[in-house]
Amino acid sequence: MKRERAAKAPVRADHGTAREWAAGRFLEEFPLYRVVDEEGRLVGGAQLELPGSELLGLYRWMLLGRSLDERMITLQRQGRIGFYIGAIGEEATVFGTVAALEPQDWIFPSYREHGAAFMRGLPLVTFMANLFGNAGDLVKGRQMPCHESWAPGHFVSISSPVATQVTQAVGAAWAARIQGDDMVPIAFFGDGSTSAHDFHTGLNFAAVMKLPVVFACRNNGWAISTPSASQTVSETMAQKAIGYGMRGERVDGNDLIAVWAATRRARQRAAAGQGPTLLELVTYRMEGHSTSDDPRAYRPAEVVEPWKRKDPIKRVQKLLEARGLLDEAGDAVLREEVRLEIQAALREAEAFPPKPPVESLFEDVYAEPGWAQREQLAELRRAMDADPRVANPRHVEG
Amino acid sequence: MKRERAAKAPVRADHGTAREWAAGRFLEEFPLYRVVDEEGRLVGGAQLELPGSELLGLYRWMLLGRSLDERMITLQRQGRIGFYIGAIGEEATVFGTVAALEPQDWIFPSYREHGAAFMRGLPLVTFMANLFGNAGDLVKGRQMPCHESWAPGHFVSISSPVATQVTQAVGAAWAARIQGDDMVPIAFFGDGSTSAHDFHTGLNFAAVMKLPVVFACRNNGWAISTPSASQTVSETMAQKAIGYGMRGERVDGNDLIAVWAATRRARQRAAAGQGPTLLELVTYRMEGHSTSDDPRAYRPAEVVEPWKRKDPIKRVQKLLEARGLLDEAGDAVLREEVRLEIQAALREAEAFPPKPPVESLFEDVYAEPGWAQREQLAELRRAMDADPRVANPRHVEG
Amino acid sequence: MPVMNVIQAVNDALRLELRRDQRVVVLGEDVGAFGGVFRATAGLQQEFGAARVVDTPLAEGGIIGAAAGMALYGLRPVAEIQFADFIFPAFDQIVNEVAKFRYRSGGQYPCPLTIRAPYGGGIKGGHYHSQSPEALFLHTPGLKVVVPSGPYDAKGLLLSAIRDPDPVLFFEPKRVYRAAKGEVPEGEYLIPLGQAAVTRPGTQVTLIAWGAMWHEADQAAREAEAEGIDCELLDLRSLQPLDIETITASVRKTGRAVVVHEAPRTCGFGAELAALIQERCFLSLEAPVARVTGFDTPFPYTLESEYLPRAPRILQAIRATVTY
Amino acid sequence: MPVMNVIQAVNDALRLELRRDQRVVVLGEDVGAFGGVFRATAGLQQEFGAARVVDTPLAEGGIIGAAAGMALYGLRPVAEIQFADFIFPAFDQIVNEVAKFRYRSGGQYPCPLTIRAPYGGGIKGGHYHSQSPEALFLHTPGLKVVVPSGPYDAKGLLLSAIRDPDPVLFFEPKRVYRAAKGEVPEGEYLIPLGQAAVTRPGTQVTLIAWGAMWHEADQAAREAEAEGIDCELLDLRSLQPLDIETITASVRKTGRAVVVHEAPRTCGFGAELAALIQERCFLSLEAPVARVTGFDTPFPYTLESEYLPRAPRILQAIRATVTY
Ligand SMILES: Cc1ncc(C[n+]2csc(CCOP(=O)(O)OP(=O)(O)O)c2C)c(N)n1
Ligand SMILES: Cc1ncc(C[n+]2csc(CCOP(=O)(O)OP(=O)(O)O)c2C)c(N)n1
Ligand SMILES: [Mg+2]
Ligand SMILES: [Mg+2]
């Protein structure tokens, strides 16, 4: 029991026993783990453990993620979809982590990790149908855009309330251990979400139960309009692990290889019964929070500048080029492929009927609709039959 | 901005950058602060900064707390009160902290700090009326026993849900700073309560806002039936401060002088604008969780034994004796005084009418009762007039 | 047949289900070696081990969040909240997550879990060991809410709840935890959710109650009978799904209804029942649907007898309704 | 008189009150330099400084817990919850702490604070940016609940809420945040809590609505008039305290009532209103109290027009009620 150890611990009488740590202490204690520098060169004596073909594959995924985000933001500006939230500048945190997991590992996303779903097989067209909320949407047009679910790829349903997925991932890890499954879930969340209560209870439960789970904090510097310094005054997110008696690691979140390697390590530890890891992936939110947001209202453009040079995609591109795995022409081909893929998916997605059937409104509340759902569906149908305006969004605005 | 510093921080390429800390690391880093040892001797070169008369006063308070707890537990066993929860063995954490505060400092209690209210002037008889929930109860018989409020002494209303007072104390500190008041609130909570979400949000808000507040974690080893190891696997509670970028200190919670000195330091820091402190007061719950609990069901008697030797009251008694401030006869006088005081208060408290007036049921829901409360009072009065069984607890049990 | 009280019946159901289904896991504060503050999980950790009967840290949000993750992954967690009053730190997980998982994922992620909580007043628990928050969950589509009144129902309903494909809140009326005793079959039997029990047929007025209040209503009905008033008494047992047919059939027959619950009156489930009854039985109604409830105040300590809607107040409402 | 929309009226009220009363503090996520995601606090930090208009960390429980502590200490905090859907992490602080402080301390610790939250659907927000949770708070004695429908009321009610001695939830119908415009006096004026507005006098049926739904009910009433049905329309404005006298007087006169709300039907505030009306106006009622509400499902995205109880559905209910 802990108590016993405590009783034997050293005892001092001088005042101020707790260490008054110097600024920078935790930056030193949790150094930024990096494998590839901004010029695409391996740092120090680092080895590239990821095969070239896989690296090229990941590069393509990153291109797809970036290109999709850009295209969808435009689509929103054109009024063709209502909302979009992506991961521009944060691609390495999404693809690097998931590439390091096993296919059976469950993904508990925040709301920027669409790329993770694609890697797990979610067709682009299905994702886009979710953006339109149309009849092709697997989620039946029930959630805002960018709240997809993809059970075949163990990509869990996204919700808006932040950090709720953290405790849920812990539960899944727990379940897998009880079942004897080799399954290590990952929970994604932002720096702002470390302030939320599910962060605390999730990490604490995982540590106490020594559960196989990876916590991936995408520290992108911002929670909507507030910088991370408004969320916490700890120097790093990684050091929060200390409070839970857990391992923490600070990783260059714009370094795909570092993210991949750190995640792989964390997964190995988890699978080996050594418990959870908190990964702080240091990156940057290059754009607004979402299409509903305009960062110019609170963020001077200059602060973004230094981060442009750290672009995670450019860095992989340089690495690939240096290794002779990619040249300019090859890059152009990839980019064009991705562009066409998106274009084709978009065309297909827009072709679905704009609304899911009205009865879908009442499905899935329960496994079987209750009498309230059945009666209300009938009520709605009668109302719609009597007055077509019932289904028309525009008749009473203002 | 934090981001800038992060960018300049050291970078390493080797695997496993995060420190794999050895067992015991945080026990060393947060050594148990102690001034007086178990034999009542000053440790190392420590000075006794508390004047003898004050020390004697605190000793009397501790005797009163212990004696009251014992008497009230008996009262509950006799069926004269419904419930009791006290602080046997934890007296130093209650009286040592409050003695170090200023009279204007607000106290946000958990449910064991009745002694703090007494030090702030709550009459024993009023406390006991709360135990009876009778007409003398300031809380008008609305809460379970041991849920007193004492606004004249800035002792805030107790509730049962654990840890809720932590964020509230933070708000009071914030308010005081806005008002320019020299007021440093203290929030008391147990080791189990560090798992609760208000612990997390409270500490984080306080650290981010650098608020003048003292967090006093009474680590008494247990949350009802579960040892602290079921609540956290961090080696100390003090190290949880690191995650919030806050100062933490581990204190021998059975050493009145250490508790006092650590609290005073924390208060000074707070008042000087240096922010909050988390104090881990290491003590032990010598009895059951409350009178509703029988610890024999989950705690072997042996584990309590070592703690009997660390009794916080005995330690102060030895110190006083060593300093010539108390002898056996003087001690007996004090104990008898305390016994008589309790006895007199009990007699007086039991003399109140057993129930508060029926209209009190509907007061204080709002500043002014609404029509619902007014109508329902009338309804209840009519019902009582029509059938006396309405007010009789015993007519339909079973 | 063995005679059990409600705690024993709950314990029996948990034990049977832990034995039958490896996916069942019990988790909560103090539920392990100690067996729970009311002993409802006594002996379970001893039989099924600390991996399946788990003491959690003190954080209700963590308990339900983790249970949700287990349920998503395919387990059948049964989470205990030590007192229903302490369920609110988990409120977000319950109403925003657990309740909506199936719907928001288009049916891809069902989240079948059971949340057990001792509930209600009558044990001198004051504000924080007495509340009856069922209405808060009934306003959230996606959740089911079950309240047994005695041991037989407790066992049969809890087994159904654990096997139900949807999340179920299972509120146990702690006032009758030990007081309500009765014969309980050994082995398994299921009471389907959504079926009220007509525990007393009658013709003049329909009494609707659940949980501990059913006992009060039953006593009131017996006293009313002595006065020549013939009550039909329904024990709802499950509030969602609600047995609307039994309710409307009864009120169409009697033309009068009295609803009883402990929670404060305003926006309690009694309001919904009154609304439904007047919507569906308007032309049969000979008196307003009466509500005998807790008052619109926090739950008190000393005056809890006055606060609780017990038999004498119910009887008065019956008389007033019958003579309206 | 200046013309304002609801956001501007809210902003104006906050500004006036921050100027008038040093004890007023505004706190919440993104409310500072940015001025809130809906811009309701725009310019306030610039005028009153970062000590009184504060960006908090992302934790609603922390926001309300801290606001409660401020209120206990004597300040008048106005906390913003970014969307009402995100209020649930603070649910425990609101229903177990804030609501009960005065009562549980025997009147020693009042806890007057205002919680503002954009609320309701109609902005294509899906599950988590559309909910209307008022009924959950109305079931908790100790809380007041206010919902303005337009800028004039928003300002006058918010000023009253901030000065009220009790905790107030102030739900702002975000669907009409910009759409509802009107003349708003400069400077201060108070609209007392607990007074409904009879925005259209009528004789045949009483329509009861609040917030964005008042606009739908108003349109339905106008269409009904064209059909020769004379509706009386009440904008409740404050749900707790509730203006029961205006409601009962109206229904006793018309004999019929239609209640409209966005929240799911079961256990919504419509149930309470129906229950109250049939209790108090039973002998006047010529038809059941009708409820036109959101359905018993989570709030949808694409089908939100179908989900929301808008004028066409209200009109149908009016017809059915009048011809019952
Ligand atoms: C419980 C809750 N409160 C508030 C919000 C509104 N909100 C949406 S995203 C966001 C900021 C999240 O920041 P962070 O966790 O850093 O994630 P990021 O967007 O940077 O990826 C906020 C406040 C929410 N979604 N959930
Ligand atoms: C939110 C909440 N959950 C559960 C409980 C039931 N409960 C009362 S005290 C307690 C243990 C608290 O342990 P700790 O914080 O260590 O305080 P101690 O009793 O040891 O002083 C529990 C679980 C509660 N009061 N509040
Ligand atoms: Mg962020
Ligand atoms: Mg403890």
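Every chain is numbered from 1, with letters handed out A, B, ... down the list of sequences.
In this structure, no portion of D:P110 lies under 4.5 Å from any heavy atom of chain B. Both the backbone and the side chain of B:A176 come within contact range of chain D, judged by heavy atoms closer than 4.5 Å. The parts of D:P57 that come within reach of chain B are both its backbone and its side chain, each placing non-hydrogen atoms under 4.5 angstrom from that chain. In this structure, no portion of D:I64 lies under 4.5 Å from any heavy atom of chain B. With a threshold of 4.5 angstrom between heavy atoms, B:S360 approaches chain D through N, CA, C or O but not through any side-chain atom. Contact of D:D164 with chain B is not made at all, since no heavy-atom distance falls under 4.5 Å. Both the backbone and the side chain of B:V365 come within less than 4.5 Å of a heavy atom of chain D. Looking at B:I178, only its side chain comes within 4.5 Å of chain D, counting heavy atoms on both sides. D:P167 does not touch chain B: none of its heavy atoms, backbone or side chain, sits under 4.5 Å away. Proximity to chain D (any heavy atom under 4.5 Å) is restricted, for B:E363, to the backbone atoms N, CA, C and O. Within the 4.5 angstrom heavy-atom criterion, no atom of D:K100 approaches chain B. With a threshold of 4.5 angstrom between heavy atoms, B:I158 approaches chain D through N, CA, C or O but not through any side-chain atom. For D:E245, no part lies under 4.5 angstrom from a heavy atom of chain B.
Listed for the D:Y103 side chain is a donor-acceptor partner under 3.5 Å among the backbone atoms of B:L361. Checked by atom type and distance alone, the side chain of D:D166 pairs as donor or acceptor with a backbone atom of B:A367 at under 3.5 Å. The backbone N or O of D:A68 sits nowhere less than 3.5 Å from a side-chain atom of B:Q168 that would complete a donor-acceptor pair. Judged purely by atom type and a 3.5 angstrom limit, D:R104 has no side-chain atom pairing as donor or acceptor with the backbone of B:Q143.
Residue B:H197 comes nearest to D:P89 through the heavy atom pair CE1-O, 3.9 Å, listed as atom of the first residue, atom of the second, then distance. Across all non-hydrogen atoms, the minimal contact from B:F205 to D:A66 is CD2-CB, 4.4 Å. When all heavy atoms are compared, the tightest approach of B:A151 to D:Y109 is CA-OH, 3.3 Å. Annotation for B:R142 and D:G106: closest pair NH1-CA, 3.6 Å, computed over non-hydrogen atoms. Between B:T201 and D:A59 the shortest heavy-atom distance is CG2-CB, 3.4 Å. Pairing each heavy atom of D:L276 with each of B:W371, the nearest pair is CD2-CH2, 4.0 Å.
Surrounding CD of B:E368 are at most 12 heavy atoms belonging to other residues, nucleotides or ligands under 6.0 Å away.
Note that CD of D:Q108 and CZ of B:F155 are 10.5 Å apart. Values are rounded to the nearest 0.5 Å.
Of the listed residues D:V25, D:D92, D:V54, the one with more heavy-atom pairs under 4.5 angstrom with chain B than any other is D:V54. Chain D forms the most heavy-atom pairs under 4.5 Å with one residue out of B:H154, B:H147, B:M183, and that residue is B:M183. Your options are D:L27, D:N96, D:L242, and the one with the most heavy-atom pairs under 4.5 Å with chain B is D:L242. Ranking B:D198, B:N204, B:V166, B:V170 against chain D, the residue ahead of the rest is B:D198, based on heavy-atom pairs under 4.5 Å.
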Does the pair D:Q93 and B:T164 meet the rule for a side-chain hydrogen bond (donor to acceptor under 3.5 Å, both in side chains), with working shown? CA-CA 7 Å; D:Q93 280 287 344; B:T164 50; 4.9 Å; no
Could you walk me through whether D:R280 and B:E375 satisfy the salt bridge (Lys or Arg N to Asp or Glu O under 4.0 Å) test, starting with their C-alpha distance in whole Å, then the side-chain angles of each, then the deciding distance to 0.1 Å, before giving a yes or no? CA-CA 13 Å; D:R280 283 152 203 262; B:E375 285 188 11; 2.6 Å; yes
Do D:L75 and B:W174 pass the side-chain contact (heavy atoms from CB on, under 4.5 Å) test, and can you show the C-alpha distance, the side-chain angles, and the key distance before you say yes or no? CA-CA 10 Å; D:L75 297 194; B:W174 201 336; over 6 Å; no
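Taking the side chain as every heavy atom from C-beta outward, D:L72 and B:F108 approach each other to under 4.5 Å.
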